[in-house]
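Here's the structure we're looking at; comments come further down.
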Amino acid sequence: MRALATALFGRRTRRRWIHLILGGALSMPYVFVGSVLVGPLVGDDRFFGSFTSQLASFAAGLPLAAITALFPLTRPMSVAAVRALCAVPDDSLAEGPARGRVARGRTAAWFTLHLGLGGIVSGMSLALPPFACVLIALPFFVVSGDSRIGLPEVFGEPWMVALSPVIGCASLVALAACAATAGGLLARWAPELLGPTPADRLAAAEQRAADLAVRNRLARELHDSVGHALSAVTLQASAARRVLDHDPEFVREALAAIEDTTRRTVGELDAVLGVLREADDARATAPAPTLEADLDGLLRRTGAGGLRVSAAVDMDPACLPPLVSREAYRIVQEALSNALRHGGEGTDVTLRVALEGPDLTVTAENPLPPRAPAPRPGGGHGLRGIADRARLLGGTAAAGPADGVWRLDVRLPLKGHA
C-alpha cells in the first residue's frame, strides 16, 4: 500500500502533475483560437459551448501548437521544464535550440504531446475534485432532506446514495492514477523526443574540443610567461646577492630587471586570467607580447640574470604577421628560459631569427650542461609547448644535442597567417 500511495501521491508524481498542469495552461491560447475556428462550423456561437464543441476546439488547437513548436526557443524551454519537474537525467536531454528537421520535428511532437496530455489532465483536475466532493457529501445532503442537489436521478436511489462516497474516493484515485500515468509517459518519452540528435552530439563534441584547445593554449601561455619570469627572477636575485657587497651597480641593474620582469608578467597573467573570466576589458589592457615590441626587453631582462645572449635578428620583425610574431616571441622566451633553467648563470646562448624563403626560422644554441639536470616535478612541458605552437602554425620544431651544444630549430611558415 505504501508503494502504491507513493506512486500515486509521492513527491515525484506531484511534480510531474505540476508539469502536466503547465502543459494545460500553455494549451489554453490554442484552445481559444480553436474555439473561434470551430464555433461557426458546429453552429455554436458561445465562446465555450457544449462539451462536444470544447473537445473540437481542443483538437483544432493542437495542430497550431505543433506549428508554433518549430520556433527555436521551444526546445530550451521544454528541456528546462522537464529537468525541473520530471526527474529526467540531465545528460539525456539536449542543450540549446533544435538543429535540423529531425530535431525540430521531435520538439514539435513533444510540445504537442505535452499540451495534449496536459490539457486532458488539467481538465480532469478541474472537474473531478468538486464532483468527487459532492458525491462524498451526498449522504449528508440526503439526511438534511435534499437527496439530489441537482445530480442525475440515479443518485436519488438509496443504493447509489450509499455508494456515492466510495465512487467519489475512487474518482480521486482514478484522477491521481491518470496523472501519474501521463506524467510517467512524458518522463519516459522526454529523452527520445528532447534528447540530443547526432548533430547535437557533434556540436557538443566540437565545443568540448574548442574548450580544451583554449585551456591548453592558456596553460602554455602561463607556463611560458610565468615560468620564464620565475627562472629569470631567481637567477637575477641570486646573482645580485653574490655581488651585493662589491658591485652595487650590478645589483641595481638586477633589481630593475626583476621589477620590469615581474611587472610585465603580472600584466600577462592578468590577461590570461581575464580570458578565463571572459573579461574582455582585462584582455584589452595587456596585449600579448610580440617580437617587434618586446624582444629587446626580453633580451635585456635575460641578460640581467647572468645569461650571455648573442642575438642576431636578420629581418624586420614589423613585417611579420601578428600571430607568427606572438608565437615566435613565446618560442624565443621558452628557449632562453630553458637555457637559464638548465645552464645557469654565465651560460652563452646564440640566438638567430631570420627569414629563409617562405618561413621564419628561430635557432637557439647553448652549451650542454656538464651533467644532466635533475628532473623537476611537473617539468618537461616547455619543449612540448614549443612543438605545439609550431604545429598549430603548420611549422616544425626540433630540439636536442648536436655537435656538443643543445640546439633548438623552429620553422614557422608565414603564408596563410597575414
- Item | Taking every non-hydrogen atom, the tightest pair across A162 and P165 | O-CD, 3.5 Å
- Indicate whether any N or O donor in one side chain lies under 3.5 Å from an N or O acceptor in the other, for S57 and Y30. no
- Message: Using a 3.5 Å distance criterion without hydrogens, assess whether the side chain of H114 forms a donor-acceptor pair with backbone atoms of H19.
- Response: yes
- Query: Any side-chain heavy-atom pair from R407 and D409 closer than 4.5 angstrom?
  - Reply: yes
- Query: Do S78 and L194 touch side chain to side chain, with heavy atoms closer than 4.5 Å?
  - Reply: yes
- Close side-chain approach of V173 to L175, heavy-atom, < 4.5 Å: no
- Item | Expected output: side-chain T74 to main-chain L70 donor-acceptor under 3.5 Å | no
- Is the closest side-chain heavy-atom distance between L298 and V332 below 4.5 Å? yes
- Note on the structure: Those residues at least two apart in sequence (or on a different chain) that pass side chain to side chain donor-acceptor pair (under 3.5 Å) with D296 are none
- Starting at CG of L193, measure out to CZ of R188 and round the result to the nearest 0.5 Å. 13.0 Å
- What pair of heavy atoms forms the shortest contact from T290 to Y329, and how long is it? O-CD1, 3.6 Å
- Answer yes or no: is there a donor N or O on one side and an acceptor on the other, between the side chain of D260 and the main chain of A256, under 3.5 Å? no
- Note on the structure: When every non-hydrogen atom of P29 is compared with those of L26, the smallest separation belongs to CD-O, 3.2 Å
- Task: Kindly give the heavy-atom pair with the smallest separation between L408 and A399, and that separation in Å.
- Result: CD1-CB, 3.8 Å
If you look only at distance, which donor and acceptor atoms sit under 3.5 Å apart when one is on a side chain in residues 84-106 and the other is two or more places apart or in another chain?
{"residue": "S92", "atom": "OG", "partner": "P89", "partner atom": "O", "Å": "2.7"}
{"residue": "E95", "atom": "OE2", "partner": "R83", "partner atom": "NH1", "Å": "3.1"}
{"residue": "E95", "atom": "OE2", "partner": "R83", "partner atom": "NH2", "Å": "2.6"}
{"residue": "R99", "atom": "NH1", "partner": "D200", "partner atom": "OD1", "Å": "3.1"}

- Message: side chain to side chain contact (heavy atoms under 4.5 Å, CB included), that's the test. Do M315 and L320 meet it? Break it down for me.
- Response: CA-CA 9 Å; M315 43 82 65; L320 295 177; 3.4 Å; yes
- Item | Derivation of the side chain to side chain contact (heavy atoms under 4.5 Å, CB included) call for T262 and V233 | CA-CA 8 Å; T262 54; V233 167; 4.0 Å; yes
- Side-chain donor or acceptor of S325 paired with backbone N/O of P321 under 3.5 Å: no
- At their closest point, which heavy atom of A176 faces which heavy atom of F9, and how far apart are they? CB-CE2, 3.5 Å
- Item | side chain to side chain contact (heavy atoms under 4.5 Å, CB included) evaluation trace for F111 with T68 | CA-CA 9 Å; F111 192 69; T68 58; 4.2 Å; yes
- Message: What I'd like to find out is whether the side chain of W110 reaches to under 4.5 Å of the side chain of V82, using heavy atoms alone.
- Response: yes
- Item | Separation between CZ of R330 and CG of L291, rounded to the nearest 0.5 Å | 11.5 Å
- With distance as the sole test, does S171 use its side chain to make a donor-acceptor pair with the main-chain N or O of I167 at under 3.5 Å? yes
- Task: Using modelled atom types only, decide if a donor and an acceptor are shared between the side chain of T13 and the backbone of A7 within a distance under 3.5 Å.
- Result: yes
- Is the closest side-chain heavy-atom distance between I331 and L412 below 4.5 Å? yes
What donor-acceptor contacts under 3.5 angstrom involve side-chain atoms of residues 351-362, with partners at least two apart or in another chain?
{"residue": "R352", "atom": "NE", "partner": "D314", "partner atom": "OD2", "Å": "3.2"}
{"residue": "E356", "atom": "OE1", "partner": "R411", "partner atom": "NH1", "Å": "3.1"}
{"residue": "T361", "atom": "OG1", "partner": "A354", "partner atom": "O", "Å": "3.2"}

- Task: Could you walk me through whether L336 and V309 pass the side chain to side chain contact (heavy atoms under 4.5 Å, CB included) test, one step at a time?
- Result: CA-CA 9 Å; L336 298 179; V309 183; 4.2 Å; yes
Identify every side-chain donor-acceptor pair in residues 115-135 under 3.5 Å, counting partners at least two apart or on other chains, and give the distances.
{"residue": "S122", "atom": "OG", "partner": "G118", "partner atom": "O", "Å": "2.6"}
{"residue": "S125", "atom": "OG", "partner": "W17", "partner atom": "NE1", "Å": "3.2"}
{"residue": "S125", "atom": "OG", "partner": "V121", "partner atom": "O", "Å": "2.7"}

- A318: what forms a side-chain contact (heavy atoms from CB on, under 4.5 Å) with it, not counting sequence neighbours? E292, D316
- Over all atoms of both residues, closest heavy-atom pair of L299 and A311: CD1-CB, 3.7 Å
- Query: Any side-chain heavy atom of S310 within less than 4.5 Å of one from V349?
  - Reply: no
- Rounded distance [0.5 Å steps], CH2 in W406 versus CG in L368: 8.0 Å
- Quick one: does L383's side chain get under 4.5 Å of N338's, heavy atoms only? yes
- Query: Do any pairs count as a side-chain hydrogen bond (donor to acceptor under 3.5 Å, both in side chains) and have a residue in residues 1-11, sequence neighbours left out, and if so which ones?
  - Reply: none
